[in-house]
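Remarks on the structure that follows.
Convention: sequence-line order gives letters A, B, ...; per-chain numbering from 1. Atoms considered below: every heavy atom in the structure, side chains included; atoms not considered: hydrogens, waters and symmetry mates.
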2 protein chains.
Amino acid sequence: MSRASERAYSAIRAHLLSGSVVAGEQLTEDQLAQITGVSRTPVREAVRRLEDELLLVRSDTKRLFVADWSRDDIEEMFTLRQMLECHAAERAAKRLSREQIAALEALNRELTAAVEASPPDVVRFLEANRAFHEAIIDAAHSPRLGQMLAKLVEAPVVLRTARTYSQDDLRQSARDHDELVAAFAARDGDWARAVMGSHLRRAFHTFARAVGPANDSDAGEP
Amino acid sequence: MSRASERAYSAIRAHLLSGSVVAGEQLTEDQLAQITGVSRTPVREAVRRLEDELLLVRSDTKRLFVADWSRDDIEEMFTLRQMLECHAAERAAKRLSREQIAALEALNRELTAAVEASPPDVVRFLEANRAFHEAIIDAAHSPRLGQMLAKLVEAPVVLRTARTYSQDDLRQSARDHDELVAAFAARDGDWARAVMGSHLRRAFHTFARAVGPANDSDAGEP
DNA sequence: TACGTGGTTATTGTATACAAAACGCGCTCG
DNA sequence: CGAGCGCGTTTTGTATACAATAACCACGTA
């Protein structure tokens, strides 16, 4: 994407994740243009992407609001992610080269180091984790699958604000990744799928615990 | 979507499906603005959507081309659709009301009537078929799932040009739908999933037969 | 008070002009 | 002969002005 439009996208995104806006709040293109320092044209383009990523939603009359995710929304996204990423892991098991598997091992060493630092380096963990999953998805070699997963994987960062990760959670993630690498090395798609499934399902519960008990409110503007 | 932008979208889409453009051909926003009769601003918006639907692709330097789908691309999309729509069928089995099941039956009577007409009314068949699948996806009550499937279900129409459907194919579809309704009436999610799986997998092979033997060319601009 | 109704403001949608970037082509120079 | 370089042309990206639509508010009426 071009300069202004890209700048608008990351600026708006950062603005949303900074916590300075509350879910359900209305935004206008003019406001966003001022915040980002570009004109409304590229802002509108950035807003399109953020709508697609479900960070912003539009009312039936085209007003723009900060998305408000219910617990059901989060569960839905994790369920879809699990379905798709298990598939990706299975495909990756058949396709990863020895070098790529070695690269995954290296990424997980990095991740483990971040976990074992004191205190654990969450930012470094998240980055290594992201790279690990991305490498698997890439290796699945299925462009539309990658496109869908990109949205699902990125999305929950909205809720990451002030999130606390226990060291146990992080360690378990590292162990899951180790087992995934083992499954890949054995070229065992079923194994990889199973490990990925439990990995993501646990991640959901860790997440859900933080966001509170189940309820059935819907996403969107008030 | 607003008037001009929506008009542009359907006009460009129609233009692409009309067969008057060949895969891999370059298009410019100006051309499309002329064809659609609106200015470049709404055209750009429509183009965004068509890119997202993979009917158009951009080169690394932002030039716009008519997408060229390989057999692998088609197989990927059917595989993803199968994975997601089986899930939708399973969820729908738990959620469809008696009225909604009755509505599905009605849709399939309409579909059957189109099939048994002489000659079979393919347009009517396709419309009833679309509505049938859409009703199931809606009943799954999973908005992001619906969004993803919408893209996957709509996409293959690109290849529908001059497609010939045998009456046997159409009849088998109608039978599958009957069995799906039975599975829903029995509230048997596993059954629904299984029927949907075979239904879509057969559809893929019917489709693939028409588009030719496997090859490994990639999508996109030349 | 509850409920429309008219006009006013706020917000989104579109057209157009201009800026930036990419392409194509002929040229030069090694 | 071919690789790289300028330069006009084409194409995409951005800003801005204006048009269309939706929300808001005050007011009048039952």
Side-chain angles (χ1 to χ4, degrees), chain A residues 1-16 20-68 218-222, chain B residues 1-16 20-68 147 219-222:
Chain A
M1 279 237 160
S2 46
R3 215 174 93 261
S5 165
E6 189 62 29
R7 218 154 60 90
Y9 171 78
S10 23
I12 296 171
R13 187 185 175 86
H15 187 240
L16 293 176
S20 60
V21 291
V22 301
E25 178 179 345
Q26 180 174 2
L27 298 173
T28 71
E29 296 173 356
D30 263 321
Q31 282 173 36
L32 295 174
Q34 285 194 315
I35 291 171
T36 60
V38 301
S39 84
R40 270 181 57 216
T41 310
V43 163
R44 282 171 65 85
E45 192 150 329
V47 164
R48 290 322 235 236
R49 282 177 65 187
L50 292 162
E51 276 181 80
D52 196 53
E53 294 173 11
L54 301 164
L55 271 66
L56 298 175
V57 293
R58 264 180 206 281
S59 74
D60 48 353
T61 61
K62 311 302 169 62
R63 255 75 181 162
L64 202 60
F65 298 88
V66 180
D68 182 15
D218 225 29
E221 71 286 355
Chain B
M1 276 237 159
S2 45
R3 213 175 95 263
S5 164
E6 189 62 30
R7 219 154 57 91
Y9 171 77
S10 24
I12 296 171
R13 188 184 174 88
H15 188 241
L16 293 175
S20 61
V21 292
V22 299
E25 178 180 345
Q26 181 174 2
L27 298 173
T28 71
E29 295 173 356
D30 263 322
Q31 282 173 36
L32 295 174
Q34 285 195 314
I35 290 171
T36 60
V38 301
S39 84
R40 270 180 57 216
T41 309
V43 163
R44 282 171 66 85
E45 192 151 329
V47 163
R48 282 331 218 238
R49 284 176 65 187
L50 292 162
E51 276 181 80
D52 196 53
E53 294 173 11
L54 301 165
L55 272 65
L56 298 176
V57 293
R58 266 181 204 280
S59 73
D60 48 355
T61 60
K62 311 301 169 64
R63 255 71 179 165
L64 201 60
F65 298 88
V66 180
D68 182 15
Q147 182 181 318
E221 71 286 353

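With sequence neighbours left out, the side chain to side chain donor-acceptor pair (under 3.5 Å) criterion links Glu6(A) to Arg49(A). Residues forming a side chain to side chain contact (heavy atoms under 4.5 Å, CB included) with Thr28(B) (at least two apart in sequence, or on another chain): Asp30(B), Gln31(B). Among residues two or more places apart in sequence or in another chain, the salt bridge (Lys or Arg N to Asp or Glu O under 4.0 Å) test is passed with Asp52(B) by Lys151(B). For Glu53(A), the side chain to side chain donor-acceptor pair (under 3.5 Å) test picks out Tyr9(A), Arg13(A), with sequence neighbours left out. Contacts of Leu56(B) classified as side chain to side chain contact (heavy atoms under 4.5 Å, CB included), with partners at least two apart in sequence or in another chain: Leu16(B), Leu27(B), Val47(B), Leu50(B), Glu51(B), Leu64(B). Under the side chain to side chain donor-acceptor pair (under 3.5 Å) criterion, Gln26(B) pairs with no residue, sequence neighbours left out. Residues passing the salt bridge (Lys or Arg N to Asp or Glu O under 4.0 Å) test with Arg44(B) are Glu45(A), Glu29(B), sequence neighbours excluded. Residues passing the side chain to side chain donor-acceptor pair (under 3.5 Å) test with Gln34(A), sequence neighbours excluded: none. The side chain to side chain contact (heavy atoms under 4.5 Å, CB included) search around Thr41(A) returns Ser39(A), not counting sequence neighbours.
Nucleotides of DNA chain D with any atom under 4.0 Å from a heavy atom of chain A span, from 5' to 3', dG13(D) to dA23(D).
Residue Asp60(B) contributes atom CG, which lies 9 Å from atom P of dA22(C) at whole-angstrom precision. The CZ atom of Arg7(B) sits 16 Å away from the P atom of dG13(C) (whole-angstrom rounding). Put simply, CZ on Arg40(B) is 16 Å from C1' on dG13(C), counting in whole angstrom units. A straight line from CZ of Phe65(A) to P of dT12(C) spans 9 Å, rounded to a whole angstrom.
Of all heavy-atom pairs between Ala46(A) and Ser5(A), the closest is CB-O, 4.0 Å.
Of the two residues near DNA chain D, Ala4(A) and Arg63(A), the one whose nearest nucleotide lies more 5' is Ala4(A). Take the nearest nucleotide of DNA chain C for Arg44(A) and for Arg3(A): the residue whose nucleotide is more 5' is Arg44(A).
Heavy atoms of Thr41(B) sit under 4.0 angstrom from at least one base atom.
Near-neighbour residues of DNA chain C inside residues 26-37 of chain A, defined by a heavy atom below 4.0 Å, number-ordered: Leu27(A), Thr28(A), Glu29(A).
Rounded to 10°, the angle separating the first-five-pair axis and the last-five-pair axis of the helix from dT1(C)-dA30(D) to dG30(C)-dC1(D) equals 20°.
A heavy-atom distance below 4.5 Å is not found between the side chains of Arg7(A) and Thr36(A).
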